[in-house]
Amino acid sequence: MSNQEDNINLPLVHKGKVRNVYDLGQSFLIVASDRISAFDYVIPTLIPDKGKVLHKLSMFWFDFVQGVIPNHIITGDFEQFPQALKQYGYLRDRSMIVKKADRVDIECIVRGYLGGSGWKEYQKSKTVCGIKLPDGLKESSKLPEPVFTPSSKEEGGKHDENISFAETVNRVGKETAEALQKYSIELYRKVNDYSLSKGIILADTKLEFGFYDDKLILIDEIFTPDSSRFWEVEKYQEGKSQDSLDKQYVRDYLEKINWDKASPAPELPKEIVEKTMEKYVDVYEKLTGKKF
């Protein structure tokens, strides 16, 4: 935790790998830190200003997709925060006040391309999360249709587990499971179509939902380099791993140094920190058309 986070004197409800959630009474305050995680571990090295990129990009997307499904945002503008929060300058450009939704404990993952763990599974069984795929696909191939591949949302350092759609139904009920699938794929398509127009492929993404006033709404962060895999259209080549504009760069570094993914994560060298931030800023600027 940075010292500035330590100084926030509010009831901490949840400390995630990257975000902290505070209780404001009628609402929550979600703060995007500069922490980065990989392979379910928080890396001890901070990526300066990374939280600001996540926040600004999420706010951009929440606005962009609000016609698809309502979301939890009350405000992400520091100037509109209650006076009591204004003493914490650290919150500016990295925090949002949100509705207190009842989270659905399913990570809603949509894959439009075959990468990461999906590619590893496909090589063994021609499936992704148990969903049968056509023969002859290569690493990074575009899938015939985006697929919904949910995972369990585990607390306390346990690894999230890929689960089948049937298991999702089992956990949250048929109506909710079908709504999660429908909205996740619709959101993925809308954002990927837009991203392609900006020269960026949205290879896959993770979304979270909750219930507020008995209605399903979109929560957490959305379509950021922490929760998504972004590839550049002009560099895209089927049949190999892609140069991602996201935290894959950190994962690749950790793989290269043969970290065992079981002991505490190592510090990141300065050049990895700088290059990671460069990628985050690059994807933000390309997608939003704004300077960071």
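Along the sequence shown, residues carry numbers from 1.
Each of K50, R94, K52 was checked for a salt bridge (charged side-chain N to carboxylate O under 4.0 Å, His left out) with D34, and the lone residue meeting it is R94.
Looking at heavy atoms from C-beta onward, L216 lies in side-chain contact with V104 at the 4.5 angstrom threshold. Residues S33 and Y90 meet the side-chain proximity criterion, which asks for heavy atoms closer than 4.5 Å. By the 4.5 Å heavy-atom criterion applied to side chains, T205 and N192 are not counted as neighbours. With contacts defined as side-chain heavy-atom distances shorter than 4.5 Å, the pair I8/N20 does not qualify. The shortest distance between side-chain heavy atoms of I109 and C129 does not fall below 4.5 Å. Proximity of L24 to L85: side-chain heavy atoms (C-beta onward) are separated by under 4.5 Å at one or more points. In this structure the side chain of E178 reaches within 4.5 angstrom of the side chain of F165, judged on heavy atoms. By the 4.5 Å heavy-atom criterion applied to side chains, P48 and M277 are not counted as neighbours.
Follow the hydrophobic side-chain contacts under 4.5 Å out from I36 and you reach V281 in the same cluster. V42 and F39 fall into different hydrophobic clusters, defined by Ile, Leu, Val, Met, Phe, Trp and Tyr side-chain heavy atoms under 4.5 Å apart, directly or through other members.
No donor-acceptor distance shorter than 3.5 angstrom exists from the side chain of Q248 to the backbone of D243, with no hydrogens or angles considered. Using modelled atom types, no side-chain atom of H55 and backbone atom of L91 make a donor-acceptor pair closer than 3.5 Å. Under a 3.5 Å cut-off, the side chain of K86 and the backbone N or O of E79 do form a donor-acceptor pair. For D102 (side chain) and F211 (main-chain N/O), no donor-acceptor pair under 3.5 Å exists by modelled atom type. Using a distance-only test at 3.5 Å, with no hydrogens or angles considered, a donor-acceptor pair links the side chain of S227 to the main chain of T224. No donor-acceptor distance shorter than 3.5 angstrom exists from the side chain of E285 to the backbone of V283, with no hydrogens or angles considered. Judged by distance alone, with hydrogens and angles left aside, the side-chain atoms of Y122 form a donor-acceptor pair with the main-chain N or O of L137 at under 3.5 Å.
One finds the OH atom of Y253 at 10.5 Å from the OG1 atom of T276 (value rounded to the nearest 0.5 Å). The line from NZ of K291 to OH of Y284 is 11.0 Å long, rounded to the nearest 0.5 Å. Here OH of Y183 is found 10.5 Å from CG of L218. Values are rounded to the nearest 0.5 Å. Here the NZ atom belonging to K138 is positioned 9.5 Å from the CH2 atom belonging to W119, to the nearest 0.5 angstrom. For the atom pair CG (L54) and CE (M59), the distance works out to 13.5 Å, reported to the nearest 0.5 Å. Taking NZ from K206 and CG from D226, the interatomic distance works out to 8.5 Å, rounded to the nearest 0.5 Å.
Electrostatic pairing of E186 and K182 counts as a salt bridge here, judged by a charged N lying under 4.0 Å from a carboxylate O. Between D220 and R103 no salt bridge is recorded (no basic side-chain N to carboxylate O distance below 4.0 Å). The pair D40-K17 meets the salt-bridge criterion, with a side-chain N (NZ, NE, NH1 or NH2) lying under 4.0 Å from an Asp/Glu carboxylate O. A salt bridge links D23 with K100: the distance from a Lys NZ or Arg NE/NH1/NH2 to an Asp or Glu carboxylate oxygen falls below 4.0 Å. Using a cut-off of 4.0 Å between Lys/Arg side-chain N and Asp/Glu carboxylate O, R229 and D204 are scored as salt-bridged. Salt bridge annotation for K15-E5: absent, with no cationic side-chain nitrogen under 4.0 angstrom from a carboxylate oxygen. Comment: E271 does not engage K275 in a salt bridge, judged by the lack of any side-chain N to carboxylate O separation of less than 4.0 angstrom. With respect to K279 and E232, no salt bridge is recorded, no charged nitrogen being found less than 4.0 Å from a carboxylate O. With respect to the salt-bridge test (charged N to carboxylate O, under 4.0 angstrom), the residues K153 and E107 qualify. Between D213 and K99 there is no salt bridge, since no side-chain N of the basic residue sits under 4.0 Å from a carboxylate O of the acidic one.
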Problem - From CA spacing to verdict: side-chain hydrogen bond (donor to acceptor under 3.5 Å, both in side chains), S152, E161 - result: CA-CA 5 Å; S152 64; E161 301 282 342; over 6 Å; no
Practice task
Carefully, step by step, assess Y88 and V31 under the rule side chain to side chain contact (heavy atoms under 4.5 Å, CB included).
Solution key: CA-CA 11 Å; Y88 305 117; V31 183; over 6 Å; no
Problem - side chain to side chain contact (heavy atoms under 4.5 Å, CB included) evaluation trace for L187 with I222 - result: CA-CA 10 Å; L187 289 162; I222 54 170; over 6 Å; no
Practice task
Using the side chain to side chain contact (heavy atoms under 4.5 Å, CB included) rule, take L202 and Y194 through it: C-alpha gap first, then chi angles, then the decisive distance, then the call.
Solution key: CA-CA 10 Å; L202 175 62; Y194 169 85; over 6 Å; no
Problem - Trace of the side-chain hydrogen bond (donor to acceptor under 3.5 Å, both in side chains) decision for K198 with T288 - result: CA-CA 9 Å; K198 302 292 180 185; T288 66; over 6 Å; no
Handout entry: Pair R251-S244, side chain to side chain contact (heavy atoms under 4.5 Å, CB included): steps then yes or no
Key = CA-CA 11 Å; R251 291 191 199 104; S244 296; over 6 Å; no
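Side chains of Q4 and N7: a donor-acceptor N/O pair is absent below 3.5 angstrom, by distance only. In summary, the side chains of K286 and S195 do not present any donor paired with an acceptor at a separation below 3.5 Å, with no hydrogens or angles considered. Side chain to side chain, S141 and E238 meet the donor-acceptor criterion of an N or O pair below 3.5 Å. Side-chain N/O atoms of E121 and T127 include a donor and acceptor closer than 3.5 Å.
Heavy-atom neighbours of Q26 CD from other residues, nucleotides or ligands within 6.0 Å: at or below the threshold of 12. The number of heavy-atom neighbours closer than 6.0 Å to NZ of K174, taken from other residues, nucleotides and ligands shown, is 12 or below. Other residues, nucleotides and ligands place more than 12 heavy atoms under 6.0 Å from the NZ atom of K126. Remark: K256 NZ is loosely packed, at most 12 non-hydrogen atoms of other residues, nucleotides or ligands lying under 6.0 Å away. Around atom CD of E234, no more than 12 heavy atoms belonging to other residues, nucleotides or ligands sit under 6.0 Å away. Counting heavy-atom neighbours within 6.0 Å of K142 NZ, excluding the residue itself, gives a total of 12 or less. Counting non-hydrogen atoms of other residues, nucleotides and ligands closer than 6.0 Å to CG of N9 gives a total of 12 or fewer.
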Do any side-chain atoms of residues 61-71 form donor-acceptor pairs under 3.5 angstrom with protein atoms, and if so which ones, sequence neighbours left out?
| from | atom 1 | to | atom 2 | distance (Å) |
| --- | --- | --- | --- | --- |
| W61 | NE1 | F223 | O | 2.8 |
| D63 | OD1 | Q66 | NE2 | 3.2 |
| N71 | OD1 | I73 | N | 2.9 |

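Ring geometry for W231 against Y113 counts as perpendicular: the plane angle is over 60°, on a 0 to 90° scale with 30° as the lower cut.
Taking every heavy atom of both residues into account, I219 and G210 meet most closely at CG2-N, 4.0 Å. Scanning all heavy atoms of the two residues, the minimum distance from R35 to G16 falls at NH2-O, 3.1 Å. Shown here for Y41 and K261, the closest heavy-atom pair between the two residues is CE1-O, 3.1 Å. Nearest heavy-atom pair across S184 and F209 is OG-CE1, 3.4 Å.
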